[in-house]
Each structure stands twice: as C-alpha cells, then as structure tokens.
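To start, the structure under review is shown below, and the notes come after it.
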Amino acid sequence: MQRLLPLMVFLALATLLGAGIWLSAVRDPNAIPSPLIGKPAPAFELPSLHEPERTVRSEELLGRPYLLNVFGSWCPGCREEHPVIARLARAGHLPVIGFNWKDQREDALRWLNQFGDPYALVLVDFEGHTAIDYGVYGAPESFLIGADGTVLYKHIGPITWEDIEREILPRLSSKDGVGS
C-alpha cells in the first residue's frame, strides 16, 4: 500500500489540475456577473443628446425590450463595436438606446456624425451617476433590458455579432416574454 501512495497522490493532483483546466475553459475569466440580472433596471431620468431640453425617464422605455449601449467618443472599444451596434439596429431585432457616458455633448455629436448614429435614442449621463447605479465598469458595456424593465443580460467590452447571436437574440425569443 505504501508503494501506491505516491501514485495516488499523483493521480489526485492530476485530477485537480485537469478540473482546473476544464473549469477555466468553460468559464469566461473576463466575465463579471452583474447583481442586476433578473432585477428591475435602475430607474433614471436623463437628457436626450439630440434634444437637450428633453428628459427621458426609464418608464418611457417599457413595453419593448431594448439594448442599452454605454459608449463615449473617448472610448476606443466603442469605435471597435460600433459597426456591430449599427448592424443590430439595422436588423430591427430591438431598438438600441445609446447611453453616452462622461462625454462632452459636442464630442458625442461629432463622433456619431463621423461613424453614424444607429441609436433610436441617445441618453446622456454627463456626471456618471446613472452609470454607477448600473454598475458600469467602463465603456463599452451593454445591457439587455426586457419589456418589463428587467435586466436580462449584461455584456462588458466590445460586443461582437457572435455575442449578439449567442446571448442577445436567444433571450429575445425565450419564453421569458421578452418583447412578447
């Protein structure tokens, strides 16, 4: 039995190492879970970028799912994901609401003028208070909000079309009643 002890220790360590490798392959090490998933989206009252005199309340967006996309003209990742956001908006699966974060109005308008404005509406969070309520780490980030105002999904970093096909679109057609 004592002769088998080193072999048993080796097999136990190899099993632990294999489990660790398998778990790291299954999980996204960059994924940061949001405590908002499955809960009502934080309420807000924010000005519109294009109509600064207009204030939009979160309740006005209820009734249809939407993607809330946090962006800024200063954000290189936002530039990277912008064609994907534009493609999603053109596809018409759901409205994309821009959430311009800690930006200057003129810079945001110039950026949208240069790259195109795919947003159904652009909200402005100059001070970043609403972003804190949403737990925004940085731009870009996107939140899928259900028709009832529930946060269904959060994506950190530039979103890809694969992310949309894998994470967003299935949630739109799920039995959770998103958009239905």
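What you are looking at is a predicted structure, and each value in this text was computed from that prediction instead of being measured.
From Arg79, atom CZ reaches atom CD of Gln114 across 5.5 Å, with rounding to the nearest 0.5 Å. Note that the CG atom of Leu88 and the CG atom of Asn69 stand 9.0 Å from one another [nearest 0.5 Å]. Interatomic distance, CG of Leu109 versus CG of Leu49, reported as 4.0 Å (0.5 Å rounding). Separating the CG atom in Leu68 from the CG atom in Leu123 is a distance of 7.0 Å, to the nearest 0.5 Å. Note: Lys39 NZ to Ser34 OG = 8.5 Å, rounded to the nearest 0.5 Å. The CD1 atom of Ile85 sits 5.5 Å away from the CG atom of Leu67 when rounded to the nearest 0.5 Å.
A 6.0 Å sphere centred on CD of Glu59 holds more than 12 heavy atoms belonging to other residues, nucleotides or ligands.
Between Pro95 and Pro65 the shortest heavy-atom distance is CD-O, 3.3 Å. Nearest approach of Ala108 to Asn100, heavy atoms of both residues: CB-OD1, 3.4 Å. Across every non-hydrogen atom of Ala41 and Ile145, the tightest pair is CB-CD1, 3.9 Å.
Grouping the Ile, Leu, Val, Met, Phe, Trp and Tyr side chains by contacts below 4.5 angstrom, directly or via other members, places Ile132 apart from Phe99. When the side chains of ILVMFWY residues are joined at heavy-atom separations under 4.5 Å, either directly or via intervening members, Val70 and Val56 end up in a single hydrophobic cluster. Leu62 and Ile97 fall into different hydrophobic clusters, where Ile, Leu, Val, Met, Phe, Trp and Tyr are joined by side-chain heavy atoms under 4.5 Å apart, directly or via other members. The same ILVMFWY cluster, assembled from side-chain heavy atoms under 4.5 Å apart, contains both Phe115 and Val124.
Screening residues 123-147 for salt bridge (charged side-chain N to carboxylate O under 4.0 Å, His left out), with sequence neighbours left out, gives Glu141-Lys154. The salt bridge (charged side-chain N to carboxylate O under 4.0 Å, His left out) contacts involving residues 42-52 comprise Glu51-Arg54, where partners must be two or more places apart or lie in separate chains. Here salt bridge (charged side-chain N to carboxylate O under 4.0 Å, His left out) pairs that include residues 104-121, with residues two or more places apart or in two chains, are Asp107-Arg110. Sorted by first and then second residue, the pairs that involve residues 52-81 and meet ring pair (Phe, Tyr, Trp, His ring centres under 6.0 Å), not counting sequence neighbours, are Phe71-Trp111, Phe71-Tyr119, Trp74-Trp101.
Residues Ile168 and His93 fail the side-chain proximity criterion, which asks for heavy atoms closer than 4.5 Å. Using a 4.5 Å heavy-atom threshold, the side chains of Phe126 and Asp103 count as separate. Counting heavy atoms from C-beta on, the side chains of Leu121 and Ser48 come closer than 4.5 Å. Between Pro118 and Arg90 the shortest side-chain heavy-atom distance does not fall below 4.5 Å. You'll find the side chain of Pro52 stays beyond 4.5 Å of the side chain of Pro47, heavy atoms only. Side-chain contact between Val122 and Leu112: present, with at least one pair of heavy atoms (C-beta onward) separated by less than 4.5 Å.
The backbone N or O of Leu152 sits nowhere less than 3.5 Å from a side-chain atom of Thr150 that would complete a donor-acceptor pair.
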Which atom pairs, one a donor and one an acceptor, fall under 3.5 Å between side chains of residues 157-165 and the rest of the protein, sequence neighbours left out?
from   : atom 1 : to     : atom 2 : distance (Å)
Thr160 : OG1    : Glu162 : N      : 3.4
Thr160 : OG1    : Glu162 : OE1    : 3.4
Thr160 : OG1    : Asp163 : N      : 3.1
Thr160 : OG1    : Asp163 : OD2    : 2.9
Trp161 : NE1    : Glu165 : OE2    : 3.1
Asp163 : OD1    : Arg166 : NH2    : 2.7
Asp163 : OD2    : His155 : NE2    : 3.4
Asp163 : OD2    : Thr160 : N      : 2.9

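For Phe143 and Tyr153, the gap between ring centers reaches or exceeds 6.0 Å.
Qualifying side-chain hydrogen bond (donor to acceptor under 3.5 Å, both in side chains) partners for Glu167, counting only residues two or more places apart in sequence or in other chains: Arg171.
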